[in-house]
Visitor: 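Would you mind keeping the following structure in view while I ask a few things?
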2 protein chains.
Amino acid sequence: MTDSRHGGQPSSPTPRVRLVDVAREAGLSKTTVSAALNGTGRLSPEVREKARETARRMGYRPNATARQLRAGRARLIGYVVGELVDAPWTFLESPYFARLTGATAATALARGYAVVLLPAGSLQREWAELPLDAVVVADPAADDPIVEELLAARIPVFSDRSVEGRPGAHWVDVDGAAAVRASLDHLWEQGARRPALVTPDSTTRFHSGVFAAYHAWCAEHGVSEWVVRAAAPGNGPVVRAVETALVGGPETGGERPDALFVVAEASPPLVLEAARRHGYEVPRDLLLVCVSEDVTALHTDPAVTTLSLRPHDVAQAGIELLVAVLEHGHLQPSGVLVPTELEVRASSVRHGQTEWTSRPPT
Amino acid sequence: MTDSRHGGQPSSPTPRVRLVDVAREAGLSKTTVSAALNGTGRLSPEVREKARETARRMGYRPNATARQLRAGRARLIGYVVGELVDAPWTFLESPYFARLTGATAATALARGYAVVLLPAGSLQREWAELPLDAVVVADPAADDPIVEELLAARIPVFSDRSVEGRPGAHWVDVDGAAAVRASLDHLWEQGARRPALVTPDSTTRFHSGVFAAYHAWCAEHGVSEWVVRAAAPGNGPVVRAVETALVGGPETGGERPDALFVVAEASPPLVLEAARRHGYEVPRDLLLVCVSEDVTALHTDPAVTTLSLRPHDVAQAGIELLVAVLEHGHLQPSGVLVPTELEVRASSVRHGQTEWTSRPPT
DNA sequence: TTGAAAGCGCTAACAT
DNA sequence: ATGTTAGCGCTTTCAA
């Protein structure tokens with residue numbers, strides 16, 4: 001044998017130090033060094049120290065892949081945002097998904113799992129090469145085959161409630177219906193009688209739930225519906241939808257709305273500005289609630305009331321569920337419902353009342 | 001032998017189908033099936049088809065970890081944003097880093113590398129377990145030891161120019177000095193004579209470069225400096241810094257600035273609003289340029305001129321460099337300088353001139 | 001054209 | 001208390 005390294009790439013200048021190298025150098029066996037380094041086995045303190053010292057001196061770094069192979073799992077989880085299949089990488093520009101992504105990565109890492117970013121609408125080419133223990137699919141579009149593909153590949157999936165009941169799939173969701181009711185109830189209490197809804201034209205579970213809840217609420221309160229759908233995501237289309245909502249329409253009997261519930265993601269300052277352009281003074285003529293995680297809502301005048309979907313809580317609940325399933329073998333499909341939080345600020349309080357915060361009942 | 005599976009986790013209900021299972025089922029050897037599936041070797045079409053068909057029928061999925069071990073690399077790269085070491089996961093809330101991150105993941109994936117999200121200021125505990133072929137460190141803080149740690153672990157690092165010359169480190173950077181000059185020149189051409197600078201209190205290479213370039217430019221033009229540093233990142237502190245800049249100070253001889261160059265990240269609508277609150281009409285009394293990737297800049301009135309740091313180009317250049325180094329063994333430290341782009345809009349054009357876009361010379 | 005066997009680097013069961 | 005050895009699942013010589 002001329003060279004002990006077979007496969008692999010054009011060898012680096014200095015080949016990497018392996019466990020066996022350390023063992024030979026220290027005059028010990030692989031087992032002993034491995035046990036010394038991992039704190040397992042029963043070794044004399046001297047031997048343990050010698051092994052550790054030799055490893056340190058030689059700059060030994062265990063080969064993660066070999067460990068993973070041995071361990072049978074890679075502690076790697078995929079992360080996909082299903083919305084916007086055609087623009088797969090724009091999700092990070094949404095404050096909600098930015099936070100969800102950050103919180104997911106942080107929580108997962110704290111539990112020993114690393115997160116890899118994957119594109120929506122994947123043709124499985126991307127993740128087939130990766131040793132994924134599970135995949136988080138945030139807000140899958142209704143027609144995205146990715147969940148099916150993953151389940152077919154026997155990879156556990158963590159997603160929203162749309163996967164409920166599928167074997168191998170688990171879910172975390174926000175209580176969208178409760179959130180909508182809490183927001184509309186709040187507007188009602190503040191005197192709003194013609195609340196308009198602006199929503200994206202999305203196939204996401206959350207958004208259809210929002211629409212249904214708005215519909216039901218309006219029926220209950222004997223209020224006529226006034227829904228405007230944004231033609232596309234993004235500030236431009238959403239602001240235009242806001243403007244359409246503000247001028248009113250046949251459904252409102254020619255009357256302008258007295259409150260706006262914006263569920264499509266848009267910059268709060270821009271929404272406020274649109275209201276001003278159309279002659280509204282907020283909150284005097286128009287109460288405003290935006291579903292948003294955008295921190296600029298705090299810095300406008302008046303500050304904008306937001307319904308927070310609590311991405312941090314969603315991420316945390318999701319990863320906790322994932323760890324439970326992966327490590328304690330909860331094989332039954334399971335789910336968690338996370339409460340939202342209405343953060344009431346000046347934009348939705350009629351009489352200059354003091355700010356307060358309420359959590360809707362769960 | 002009672003059970004052929006030794007290590008590993010509490011076994012799943014159905015153990016995974018391995019190559020050897022397919023081989024046995026098809027009455028072939030591992031070698032043949034492997035070659036059939038990978039399109040390698042010289043096999044008769046019938047045998048190849050039989051192997052493929054059997055694999056498909058059994059739902060065979062190759063074990064990614066085993067392949068990686070064999071291949072000697074995992075095609076996995078780490079991604080760290082060095083800024084904000086104390087709030088390691090907030091970077092995604094910045095439009096610049098959101099885009100940089102998305103573009104990095106997208107480009108890397110297109111080249112066959114997956115990206116894992118890592119926290120800044122890592123004590124190496126997180127990534128030691130991961131088979132990383134390389135790590136991208138975006139905008140490292142000057143005192144972050146992570147670059148040193150990675151290089152000590154012989155993991156190639158791709159970062160900004162601050163790592164220039166270090167063996168194993170490669171860089172991509174934007175031409176910050178040219179960008180500042182282009183912006184200030186533009187303001188000068190539009191008549192500004194007292195341009196104020198708002199910058200974060202950051203140890204990032206980019207921001208110290210910006211300050212130096214501003215300093216030099218002011219000297220060249222015989223203009224007095226007026227720099228305000230935001231106490232912290234985030235819209236609140238930056239807007240306060242903007243307000244401080246707007247009222248002027250001793251350095252300006254009591255005069256208010258006639259232009260504002262905001263390098264700290266803030267929401268353009270909020271900056272504009274702050275100017276209005278202080279009695280400026282933009283662009284009549286104040287020319288405004290923000291370093292920002294925030295798309296809301298397009299939707300204000302007037303639209304805000306931005307200096308784009310072109311995160312997409314930075315990411316692309318970085319990944320291309322990474323692939324070149326990893327796959328073609330460019331061992332010499334190397335670097336790429338990416339041009340910025342001043343996107344001129346109404347907020348910095350004095351006489352209602354038509355909009356145009358310029359690219360500074362590189 | 002196909003198959004047997006070695007080996008990637010590591011851990012753990014089983015000797016000694 | 002320490003060492004020997006098998007084996008994680010795959011790819012790739014090399015021999016038949």
Side-chain angles (χ1 to χ4, degrees), chain A residues 1-9 11-12 15-24 26-51 54-55 58 60-75 128-131 133, chain B residues 1-9 11-12 15-24 26-51 55 58 60-75 128-131:
Chain A
M1 189 138 12
T2 55
D3 179 6
S4 71
R5 334 286 277 222
H6 274 218
Q9 294 316 293
S11 56
S12 313
R16 227 182 124 144
V17 179
R18 296 157 306 166
L19 189 62
V20 65
D21 299 322
V22 177
R24 194 176 310 127
L28 297 166
S29 78
K30 290 197 306 174
T31 314
T32 307
V33 177
S34 172
L37 263 29
N38 294 328
T40 56
R42 295 163 296 281
L43 303 178
S44 71
E46 305 82 51
V47 169
R48 179 152 300 186
E49 191 38 53
K50 167 156 200 179
T54 311
M58 299 178 73
Y60 169 70
R61 316 206 23 94
N63 179 312
T65 303
R67 292 183 126 176
Q68 292 176 353
L69 181 58
R70 191 61 248 262
R73 56 183 168 36
R75 303 196 76 97
E129 312 271 271
L130 293 166
D133 295 349
Chain B
M1 187 133 17
T2 56
D3 180 5
S4 70
R5 336 282 278 223
H6 274 220
Q9 292 318 292
S11 56
S12 314
R16 224 180 126 147
V17 179
R18 297 157 306 168
L19 188 62
V20 65
D21 299 321
V22 177
R24 195 176 308 129
L28 297 166
S29 77
K30 289 198 304 175
T31 314
T32 307
V33 177
S34 173
L37 263 28
N38 294 328
T40 55
R42 293 163 296 283
L43 304 179
S44 71
E46 305 82 53
V47 168
R48 177 152 301 186
E49 190 39 51
K50 168 157 200 179
M58 298 178 74
Y60 168 71
R61 316 202 23 93
N63 179 312
T65 304
R67 291 183 129 175
Q68 292 176 354
L69 181 59
R70 190 64 246 267
R73 57 181 166 37
R75 303 197 76 98
E129 313 270 87
L130 258 23

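Treat the numbers as computed from the prediction; the structure is a model and nothing was measured. Naming: A, B, ... by sequence-line order, numbering from 1 per chain.
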Visitor: Go through D:dT2, C:dC10, C:dG3 for me and flag the one nearest to the B:Leu28 side chain.
Guide: C:dG3
Visitor: Where the side chain of A:Val47 is concerned, which of D:dT2, C:dC10, D:dT12 is the nearest nucleotide?
Guide: D:dT2
Visitor: Would you indicate what A:Arg67 reaches in the nucleic acid, counting non-hydrogen atoms under 4.0 angstrom: base, sugar-phosphate, or nothing?
Guide: sugar-phosphate
Visitor: Using atom CZ of A:Arg73 as one end and atom P of C:dC10 as the other, report the distance to the nearest whole Å.
Guide: 17 Å
Visitor: In whole angstrom, what separates A:Lys30's NZ from D:dA6's P?
Guide: 12 Å
Visitor: Counting side-chain heavy atoms from CB outward, which of D:dT11, C:dA4, C:dG9 is closest to A:Arg18?
Guide: C:dG9
Visitor: How far does CG of B:Leu130 sit from CZ of A:Arg67, to the nearest 0.5 angstrom?
Guide: 12.0 Å
Visitor: If you assign B:Ala64 and A:Thr31 each to the DNA chain D nucleotide with the nearest heavy atom, which residue ends up on the more 5' nucleotide?
Guide: A:Thr31
Visitor: Can you check the A:Leu37 CG to C:dC10 P distance for me, whole Å?
Guide: 10 Å
Visitor: Can you tell which of C:dA4, C:dG9, D:dC10 lies closest to the side chain of A:Ala66?
Guide: C:dG9
Visitor: Looking at CG of B:Leu43 and OG1 of B:Thr31, how far apart are the two atoms once the value is rounded to the nearest 0.5 Å?
Guide: 10.0 Å
Visitor: Look at B:Ser34 and D:dC10 and indicate whether a side-chain polar atom (N or O) is within less than 4.0 Å of OP1 or OP2.
Guide: no
Visitor: Tell me whether the OP1 or OP2 atom of D:dT11 has a side-chain N or O from B:Asn38 closer than 4.0 Å.
Guide: yes
Visitor: Looking at CZ of B:Arg70 and OG1 of B:Thr65, how far apart are the two atoms once the value is rounded to the nearest 0.5 Å?
Guide: 15.5 Å
Visitor: How long is the line joining CZ of A:Arg24 and P of D:dT4, in whole Å?
Guide: 13 Å
Visitor: Kindly say if B:Thr32 contacts the phosphate of C:dG3, meaning a side-chain N or O under 4.0 Å from OP1 or OP2.
Guide: yes
Visitor: Kindly point out which of D:dA1, D:dC10, C:dC10 is positioned nearest to the side chain of B:Asn63?
Guide: D:dC10
Visitor: Side-chain contact, heavy-atom cut-off 4.5 Å: B:Leu37 with B:Val33?
Guide: yes
Visitor: Of all the choices, C:dT1, C:dG3, D:dG9, which nucleotide is nearest to the side chain of B:Arg42 once you look at every atom?
Guide: C:dT1
Visitor: Without decimals, in angstroms, what is the distance between A:Leu69 CG and D:dC10 C1'?
Guide: 8 Å
Visitor: Atom CZ of A:Arg70 to atom P of C:dG7: distance rounded to whole Å?
Guide: 19 Å
Visitor: Any side-chain N or O of B:Ser29 less than 4.0 Å from the OP1 or OP2 oxygen of C:dA4?
Guide: no
Visitor: Indicate whether OP1 or OP2 belonging to D:dT11 is found under 4.0 Å from a side-chain N or O atom of B:Thr40.
Guide: no
Visitor: Rounding to an integer number of Å, can you tell me how far A:Arg16 CZ sits from C:dG9 C1'?
Guide: 10 Å
Visitor: Looking only at atom types and distance, does a side-chain atom of A:Arg16 sit under 3.5 Å from a main-chain N or O of A:Arg61, one as donor and one as acceptor?
Guide: yes
Visitor: What is the distance, to the nearest angstrom, from the CG atom on B:Leu19 to the C1' atom on D:dC8?
Guide: 14 Å
Visitor: When rounded to the nearest 0.5 angstrom, what distance separates CG in A:Leu19 from NZ in A:Lys30?
Guide: 6.5 Å
